[in-house]
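These notes are about the structure you will find just below.
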Amino acid sequence: MTYTFAEKAAPQGAPLLFLLHGTGGNETDLLGLGGQVMPGAHLISPRGDVSEAGAPRFFKRLGMGVYDMDDLGRATHKLAMFMRERIAATKPSTVAALGYSNGANVLASVLFETPELIDRAVLMHPLIPFVPKPQPGLAGRQVLITAGRRDPIGPVESTEQLVAYFTAQGADARIVWHDGGHELRPTEVSEAQRFLRA
C-alpha cells in the first residue's frame, strides 16, 4: 500500500504533516506550503495514483462532483494504510494532514473511516456530495475547513453541510471563508498556519 511520494524529513518525534494535492497536482506541489504552515514538521506528500486525462488524482470520478464511490473506498483504504505505515516509521509526536480540492476530499473520507489516524486536519476547498455515516471516533478531532464563497466546484451549501456533519460527530470543526472561488488565498494559509501551530 504505497504511493510515489515526496518527503522532507525531520528528527524522530517531530510532528508529522501529510500533504494531499488537488487534481493535476503532484507530490511536490504542497511541500512549500507545508513548510510554511508547520515549520519543523516531517512532511510527507503522496502523488495520487489515478490519472484523469493525464492529471493525477486520488480517486476516480464519473463527472464533475459525481464520484466513483467504489474507487473512493479503495483510495480511502489505501491512503489510510499508507498513513499508518508512515506514522509507524516516523513515530511523530502528533499527526496532522492538509488536503486541497481532490486531496481534501480523500482526506475527509479517511477521517470518516479512520479518524484515529489524524489529530488535526485542514480541508481546503472540499466537496463531499454525499452524507457520511455517523463516526463517533471524530469526537475531539480538530478540523479546519477553508473555502471560497464563489467556488464553482464546492458550493457553499455543501461546505456548510460538511462542517455541520463534523460538529454533529463531536469534532472541533470550524470554517474560514474568502470571497473568491476555488483558488487558495493568503488568508487560508494564515489560518492553516495558526490552526496547525496552536
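All figures in this text were calculated on a predicted structure; none of them were measured in a lab. Numbers here simply count residues along the sequence, with the first being 1.
- Closest approach of Gly40 and Ala14 over heavy atoms only: O-CB, 3.8 Å.
- Not a single donor-acceptor pair under 3.5 Å links the side chain of Ser109 to the backbone N or O of Asn105.
- Residue Leu62 holds its CG atom at 10.5 Å from CE of Met69, rounded to the nearest 0.5 Å.
- Taking 4.5 Å as the limit, some side-chain heavy atom of Leu111 sits within range of a side-chain heavy atom of Leu138.
- A cation-pi arrangement is present between Lys78 and Tyr3, with the terminal nitrogen or guanidinium carbon under 6.0 Å from the aromatic centre and inside a 45° cone about the axis.
- Using a distance-only test at 3.5 Å, with no hydrogens or angles considered, a donor-acceptor pair links the side chain of His125 to the main chain of Glu183.
- Taking the charged nitrogens against the carboxylate oxygens, Arg185 and Glu191 have no contact shorter than 4.0 Å, which rules out a salt bridge.
- In this structure, Ile128 CD1 and Ser158 OG are separated by 9.5 Å, a value rounded to the nearest 0.5 Å.
- Gln12 contributes no side-chain N or O that, together with a main-chain N or O of Lys91, makes up a donor-acceptor pair within less than 3.5 Å.
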Please walk me through it: do Leu123 and Leu144 pass side chain to side chain contact (heavy atoms under 4.5 Å, CB included)?
CA-CA 6 Å; Leu123 306 176; Leu144 172 67; over 6 Å; no

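- Arg141 forms no cation-pi arrangement with Phe166, by the criterion of a distance under 6.0 Å to the ring centre and an angle within 45° of the ring axis.
- For the atom pair CD1 of Ile175 and CD of Glu160, the computed distance is 6.5 Å after rounding to the nearest 0.5 Å.
- At least one cation-pi condition fails for Arg61 and Phe59: the charged atom is not both under 6.0 angstrom from the six-membered ring centre and inside a 45 degree cone around its axis.
- With hydrophobic clusters built from ILVMFWY side chains whose heavy atoms lie under 4.5 angstrom apart, Leu30 shares a cluster with Val176.
- Residue Leu196 is grouped with residue Leu43 when hydrophobic side chains (ILVMFWY) are merged at heavy-atom distances under 4.5 angstrom, including chains of intermediate members.
- Of the possible donor and acceptor atoms, none in the side chain of Thr114 sits under 3.5 Å from a partner among the backbone N and O of Leu117.
- Looking only at side-chain heavy atoms (C-beta outward), Met38 and Pro15 come within less than 4.5 Å of each other.
- A salt bridge links Arg84 with Glu116: the closest approach of a Lys/Arg side-chain nitrogen to an acidic carboxylate oxygen falls below 4.0 angstrom.
- For the pair Lys133 and Glu113, the minimum side-chain heavy-atom distance is below 4.5 Å.
- No donor-acceptor pair under 3.5 Å is formed between the side chain of Asp68 and the backbone N or O of Lys60.
- With respect to the salt-bridge test (charged N to carboxylate O, under 4.0 angstrom), the residues Asp49 and Arg74 qualify.
- With contacts defined as side-chain heavy-atom distances shorter than 4.5 Å, the pair Arg174/Ile145 does not qualify.
- In this structure, Ser93 contributes its side chain and Gly13 its backbone to a donor-acceptor pair below 3.5 Å.
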Any chance you could lay out the side chain to side chain contact (heavy atoms under 4.5 Å, CB included) test for Thr23 and Glu52, step after step, and finish with the verdict?
CA-CA 8 Å; Thr23 299; Glu52 183 179 87; 4.3 Å; yes

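- Relative orientation of the His182 and Tyr100 rings is tilted, given thresholds of 30° and 60° on the angle between their planes.
- Of the possible donor and acceptor atoms, one in the side chain of Asn102 sits under 3.5 Å from a partner among the backbone N and O of Phe58.
- Contact of the Arg86 side chain with the Glu7 side chain is registered, since non-hydrogen atoms from C-beta on lie closer than 4.5 Å.
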Go through the steps to decide whether Phe18 and Met83 satisfy the test side chain to side chain contact (heavy atoms under 4.5 Å, CB included), and finish with yes or no.
CA-CA 8 Å; Phe18 289 102; Met83 287 180 163; 3.8 Å; yes

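- Using a 4.5 Å cut-off on side-chain heavy atoms (C-beta onward), Val122 and Phe195 make contact.
- Going from atom CG of Asp172 over to atom OG1 of Thr167 covers 8.0 Å, rounded to the nearest 0.5 Å.
- Rounded to the nearest 0.5 angstrom, Phe112 CZ and Tyr165 OH are separated by 5.5 Å.
- Considering every non-hydrogen atom in both Ser101 and Gly22, the closest pair reads CB-CA, 4.2 Å.
- By the 6.0 Å contact criterion, CZ on Arg150 is open, its count of non-hydrogen atoms from other residues, nucleotides or ligands being 12 or less.
- Counting only heavy atoms from C-beta outward, the side chains of Pro126 and Leu162 approach each other to under 4.5 Å.
- What you find for Val163 and Ala173 is that their closest heavy atoms are O-CB, 4.3 Å.
- Under the 3.5 Å distance criterion, the side-chain polar atoms of Asp29 are left unmatched by any main-chain donor or acceptor of His21.
- Rounding to the nearest 0.5 Å gives a distance of 6.0 Å between OG1 of Thr187 and NE2 of His178.
- The cluster map of Ile, Leu, Val, Met, Phe, Trp and Tyr, joined by side-chain heavy atoms under 4.5 Å apart, puts Leu31 and Val189 in the same cluster.
- Residues Leu107 and Phe130 share a hydrophobic cluster, clusters being chains of Ile/Leu/Val/Met/Phe/Trp/Tyr side chains in contact below 4.5 Å.
- Nearest heavy atom pair, residue Ala147 against residue Thr159, reads CB-CG2, 3.9 Å.
- At least one donor-acceptor pair closer than 3.5 Å links the side chain of Asp119 to the backbone N or O of Val95.
- Each of Ile87, Ile118, Thr94 was checked for a side chain to side chain contact (heavy atoms under 4.5 Å, CB included) with Leu16, and the lone residue meeting it is Ile87.
- For the pair Glu27 and Pro46, the minimum side-chain heavy-atom distance is 4.5 Å or more.
- Taking both residues in full, the closest heavy atoms of Gly48 and Pro56 are given as O-CB, 4.0 Å, listed atom of the first, atom of the second, then distance.
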Check against side chain to side chain contact (heavy atoms under 4.5 Å, CB included), Leu17 and Leu19:
CA-CA 6 Å; Leu17 176 61; Leu19 298 159; 3.8 Å; yes

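- Note on Val106 and Leu33: separate hydrophobic clusters, where clusters join Ile, Leu, Val, Met, Phe, Trp and Tyr whose side-chain heavy atoms are under 4.5 Å apart, directly or indirectly.
- In this structure, Gln169 contributes its side chain and Ala139 its backbone to no donor-acceptor pair below 3.5 Å.
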